[in-house]
J.: 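Structure below; questions to follow.
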Amino acid sequence: MLDIFKKHIRKFTTVTDEEFEGIKKFFDTKEVAKKENLLAEGQICRHHYFVLDGLLRKFYINEKGTEQTTEFAIETWWLTDNFAYENQQPTAFYIQAVEKSTILYLTQEKQEKLLREFPVMERYFRFVYQRAYAAAQKRIQFLFSFSKEEFYFQAIRNHPEFVQRVPQYLIASYLGFTPEYLSEIRKRTSS
């Protein structure tokens, strides 16, 4: 299973098998049950998660008491509350397994030691953060440029396997819809 992580690192930088043996010692592995929370609002965000298998989501509870999904993470994606993680402070978010998942995780302290011992991982994390930032920019652009329906269709076109895998009520939460509105859009397009 750790070969998934090794391959992901090698997409962005070069590490030998020997280096990878040292790198993987900084990470812990965890099996997460469906709907299990890895992080809850008010907790100190101590971990950065890498999905080996499964699906995670990050969400907050808005002023109306509704869950608002802000991010998903499937295999080879990272997820944390970056601000709370970097500052070691309480989070406003939840991170939850959408399906049974296997994850790697590390603490900020271990991440700093990892980067000192294996400087090549600085390059790896730079690419990871750049890609995450670009994805966030694209989402903001879509939010301001498209109607809700167009945003949904864009998601289907760009990530069909992802949209089929995620429960519809969570897709609705991510897109800022009610499940009923998403159902209505889907009915109109299928007829």
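Just so it is clear, the structure is predicted and the values come from calculations on it, not from any experiment.
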J.: For the residue pair H48 and Y85, categorise the inter-ring angle as parallel (less than 30°), tilted (30 to 60°) or perpendicular (more than 60°).
T.: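 Rings of H48 and Y85: tilted, 30 to 60°.
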J.: Mark yes or no for whether S101, through its side chain, and L55, through its backbone, hold a donor-acceptor pair below 3.5 Å.
T.: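 Pair found, side chain donor or acceptor close to backbone of L55.
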J.: Grab the two heavy atoms, one from T16 and one from R10, that are nearest each other, plus how far apart they are.
T.: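 Smallest interatomic distance, heavy atoms only, reads C-NH2, 3.6 Å.
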J.: Angle between ring planes, Y105 versus Y49, binned at 30° and 60°: parallel, tilted or perpendicular?
T.: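 Because their plane-to-plane angle lies in the 30° to 60° range, the rings of Y105 and Y49 count as tilted.
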J.: Distance under 6.0 Å and angle within 45° of the ring axis: does R139 meet both against Y174?
T.: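 Yes, a cation-pi geometry.
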J.: If two hydrophobic side chains count as joined below 4.5 Å and joins carry through other members, does F50 share a cluster with I9?
T.: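 They do share one cluster, since a chain of ILVMFWY contacts under 4.5 Å joins F50 to I9.
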J.: Applying ring pair (Phe, Tyr, Trp, His ring centres under 6.0 Å), run through F27 and F5 and close with a yes or a no.
T.: CA-CA 11 Å; F27 294 85; F5 185 46; 4.9 Å; yes
J.: Classify the ring geometry between F12 and H8 as parallel (under 30°), tilted (30 to 60°) or perpendicular (over 60°).
T.: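 Aromatic pair F12/H8 classed perpendicular.
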J.: Within the distance-only criterion (no hydrogens, no angle test), does the side chain of S173 pair as donor or acceptor with the backbone N or O of E67 below 3.5 angstrom?
T.: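 Yes, the answer is positive, given that a donor and an acceptor are paired below the 3.5 Å cut-off.
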J.: Taking R57's backbone N and O only, do any of them form a donor-acceptor pair with Q96's side chain (distance below 3.5 Å, no angle check)?
T.: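 Side chain of Q96 to backbone of R57, a donor-acceptor pair under 3.5 Å: no, none is there.
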J.: Could you measure the distance from the NZ atom of K58 to the CG atom of L79? Nearest 0.5 Å is fine.
T.: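 Answer for the NZ-CG pair, K58 versus L79, is 6.0 Å.
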J.: Give a yes or no answer on whether the side chain of Q43 reaches the backbone of A40 with a donor-acceptor pair at less than 3.5 Å.
T.: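 Such a contact is found between Q43 side chain and A40 backbone.
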J.: Checking ring pair (Phe, Tyr, Trp, His ring centres under 6.0 Å) for the pair F125/W78: CA distance, chi angles, key distance, verdict?
T.: CA-CA 10 Å; F125 279 108; W78 286 90; 5.3 Å; yes
J.: Heavy-atom distance under 4.5 Å between the side chains of H47 and T107, does that happen here?
T.: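 Contact flag for H47/T107 side chains = yes.
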J.: Just wondering, do T76 and I4 contact through their side chains at under 4.5 Å, heavy atoms?
T.: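 Sidechains of T76 and I4: in contact.
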